[in-house]
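Written below as structure tokens is the structure these notes are about.
Below, chains carry the letters A, B, ... as their sequence lines are ordered, and counting in each starts from 1.
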2 protein chains.
Amino acid sequence: MVSIKDIARLAGVSASTVSRVLNEREYVRSEVRQRVLDIVKERGYVPNHAARSMVLQRSFTIGVVIPYLFNMFQRQLFAAMEFFLEQHGYKTQFFFLRWSESSEQAFLRRLKSEALDGIIFVHELDNPSIYHYIKEINLPVTLCTFERTEFGFPAVHIDEEASAKLATEYLIQRGHRDIGLITGEHFTFGYQREKGYKKALAAHGLPYNPELTIRAASYNPEAGRAGMLTLIKRKQPLSAVFAATDELAIGAIKALYESGVRVPADVSVVGLDDIDISSFTTPGLTTVRQPIFEMGKKSADLVCDWISRGHTTDKVEQFSTIIVERESVRTIG
Amino acid sequence: MVSIKDIARLAGVSASTVSRVLNEREYVRSEVRQRVLDIVKERGYVPNHAARSMVLQRSFTIGVVIPYLFNMFQRQLFAAMEFFLEQHGYKTQFFFLRWSESSEQAFLRRLKSEALDGIIFVHELDNPSIYHYIKEINLPVTLCTFERTEFGFPAVHIDEEASAKLATEYLIQRGHRDIGLITGEHFTFGYQREKGYKKALAAHGLPYNPELTIRAASYNPEAGRAGMLTLIKRKQPLSAVFAATDELAIGAIKALYESGVRVPADVSVVGLDDIDISSFTTPGLTTVRQPIFEMGKKSADLVCDWISRGHTTDKVEQFSTIIVERESVRTIG
DNA sequence: ATAGCTTCTGAAAAGGTTTTCATCTAGGTA
DNA sequence: TACCTAGATGAAAACCTTTTCAGAAGCTAT
């Protein structure tokens, strides 16, 4: 590997001068500059990243921290983040937290060992000690899909509760009274969406029947399918289901189909997220759209803002959500 | 940030000794070792990654290079790779190639600037110059989803052609004669799968009708939907479609459904990949299974093998594929 | 002629680690 | 007693950059 010293020697100048040329500093004769540039090009010289990041005390990379459930929603979010982070000149480094103490420790170690320039947290962590640490070392950060106002971190999110309420009310307005819920555990959004569902019922004077809610093991289609199957077994009156994520909804529809229940003729289903596969299911999934791409972009912009500005902007961006009507809901009565 | 020197000072020893303790070298009194370890723990010291990687001339990270089509197949592949790479003690760094000359140059620059310990290439690149360069600098590498025997790189892949042939023959054996093809461009697997389709027709004495093949703009559901729509417009006799990827198939089914054509009653569809959403579509997608998880694992194992062994194993692992029967195909006649 | 700028350049330090080499001590051997 | 060896430790070099500081050369203003 060719180093800056090699270039210096070849050009008959010092390493400092080469560095000045490369970093576009002033005070170097244009004739010298050209000579150095030529040699750099000829030899294919590229600055060593480790050396640079050591002396500069930064790594030009943003960490994206995410609990290990690598689903379709996250895929879309990542694609957006990576794209815009790169536009800002940063590399993206993913950290998949695997929900164990040791994985959290490992994360903290990596956080210290690599001089990350910033972090995006996707989904809320169980253990707030990490946030305290980040706060303490004053590392640029933004939260994505949730907020924690007490830390003063910038955040981008939707109103989870209101969105779930919107989905549920959509069903109520179409005459549904016996509405099931399939949600998951461990993540705040799961609980918030459950709360939104309950609020919708309450707002319309509908009783809450615990027999109609399923707390699935995860948020993926398989969990949705299993959840729907047990819901069916309970033999409660049921005309519609709100699934807390589109993936759960897709699984639920499959379970209904397998059980000979027609969607939406017999049971209606609405999801939340609007991942891109949702417009390709049959029937098309009626759901609440979360602007995934824009949220990814905004997250990237906010960390980079903090970094370049040198201090937090403390900005919380709440994106609004809308119903997107497809074919999985019917109007009754 | 606390450095090795701080620990040394605190423990009343030299930095060398601390380093020896941390790297589990011999020749350090157990009493001293314990003292150092205690202080390391107390201060939360973690070695600086940039410094280590500079002196060691390695980065403990594997690059995963992939053309920018971040689809569901790749999501599953990534999840597997990242998981096993971490088990081997490596970090994963993704490089999304965005199909421009400049993006390839940028990739090469990053390749040189970060001392990657190894690379996994997913999907074949248009431009073989990168492979030549890798070969030249003798960087541990493995190819995933394709092979290039002339370079002697280890590879994990399936027989694309045979798998497509298998899918097509499955339709032929069920009495289908007028079989459409929806594939995509730019990627070798797309062309190989097309070839497999043609071979199946030929092997069974069926004529190849170019009016029945669609070369879609991409490999995602949207492209599949658009492709199917134009195929329908051509008004050729058609009883089945082979879609080169499951995502294309999902889009095709949607288009059929929108056009009032029943699947599988009127037209049968088979895909290839068996991504995990395929068992959740309605009807369930009959497809050819590619062992995605195992392939991801194997790719990780092979690079790590090369690294630890110090020389290439030159091993090409061809995974076998099987039909997984679901509900999107009917038997006629 | 002197002092004081400007422009350009190089030497050297710094950043945090690993490793080599040298040194020191204690114990064993001739 | 003199010498050697093994174990334990520290000093210093090396990895590759950037940046600070100092100095040289050429110019302008006094």
Report the distance from atom CG of B/N48 to atom C1' of D/dC16, rounded to the nearest whole Å.
-> 14 Å

Is the number of heavy atoms from other residues, nucleotides or ligands within 6.0 Å of NZ (A/K135) greater than 12?
-> yes

A/S3 side chain near D/dC16 phosphate (N/O to OP1/OP2, under 4.0 Å) | no

Going by heavy atoms closer than 4.0 Å, what residues in residues 23-40 of chain A are next to DNA chain C?
-> A/Y27, A/V28, A/R29, A/V32

Hey, does A/L56 reach any base, or is it just sugar-phosphate, or nothing, if we go heavy atoms under 4.0 Å?
-> sugar-phosphate

Rounded off to whole Å, could you give me the CZ-to-C1' distance for the A/R9 and D/dC16 pair?
-> 14 Å

side-chain hydrogen bond (donor to acceptor under 3.5 Å, both in side chains) assessment of B/D301 paired with B/H88 = CA-CA 8 Å; B/D301 291 347; B/H88 284 287; 2.9 Å; yes

Rounded to the Å, how far apart are B/I4 CD1 and C/dT18 C1'?
-> 8 Å

Nucleotide C/dG15, atom P - distance to NE2 of B/H49 in whole Å = 20 Å

Is the shortest side-chain N/O distance from B/R52 to OP1 or OP2 of C/dT18 below 4.0 Å?
-> yes

Should the pair A/E114-B/K91 be classified as a salt bridge under the 4.0 Å nitrogen-to-oxygen rule?
-> yes

Side-chain ion pair, A/E26 and A/R20, N-O less than 4.0 Å | no

Salt-bridge contact B/R148-B/E124 (side-chain N to carboxylate O under 4.0 Å) | yes

Phosphate OP1/OP2 of D/dC16 contacted by B/Q57 side-chain N/O (<4.0 Å) = yes

Over-ring placement of B/K297 relative to B/F84, 6.0 Å and 45° cut-offs | yes

A/K5 NZ to D/dT18 P, straight-line distance once rounded to whole Å | 13 Å

Do NZ/NE/NH1/NH2 and the carboxylate oxygens of B/D276 and B/R75 come within less than 4.0 Å?
-> yes

Could you check how far CE of A/M1 sits from C1' of D/dC16, rounded to whole Å?
-> 13 Å

Just checking, any donor-acceptor pair under 3.5 angstrom between side chains of B/H123 and B/T145?
-> yes

Take the angle between the ring planes of A/F107 and A/F121 and call it parallel below 30°, perpendicular above 60°, tilted in between.
-> perpendicular

Any N/O pairs under 3.5 Å between the protein and nucleotides 10-13 of chain C? List them or say none.
{"unit_1": "C/dG10", "atom_1": "OP2", "unit_2": "A/S14", "atom_2": "N", "d": "2.9"}
{"unit_1": "C/dG10", "atom_1": "OP2", "unit_2": "A/S14", "atom_2": "OG", "d": "3.1"}
{"unit_1": "C/dG10", "atom_1": "OP2", "unit_2": "A/T17", "atom_2": "OG1", "d": "2.8"}
{"unit_1": "C/dG10", "atom_1": "N7", "unit_2": "A/R20", "atom_2": "NH2", "d": "2.8"}
{"unit_1": "C/dG10", "atom_1": "O6", "unit_2": "A/R20", "atom_2": "NH1", "d": "3.3"}
{"unit_1": "C/dA11", "atom_1": "N7", "unit_2": "A/S16", "atom_2": "OG", "d": "3.4"}
{"unit_1": "C/dA11", "atom_1": "N6", "unit_2": "A/S16", "atom_2": "OG", "d": "3.0"}

Rounded to whole angstrom units, what separation is found between the OH atom of B/Y45 and the C1' atom of C/dT17?
-> 7 Å

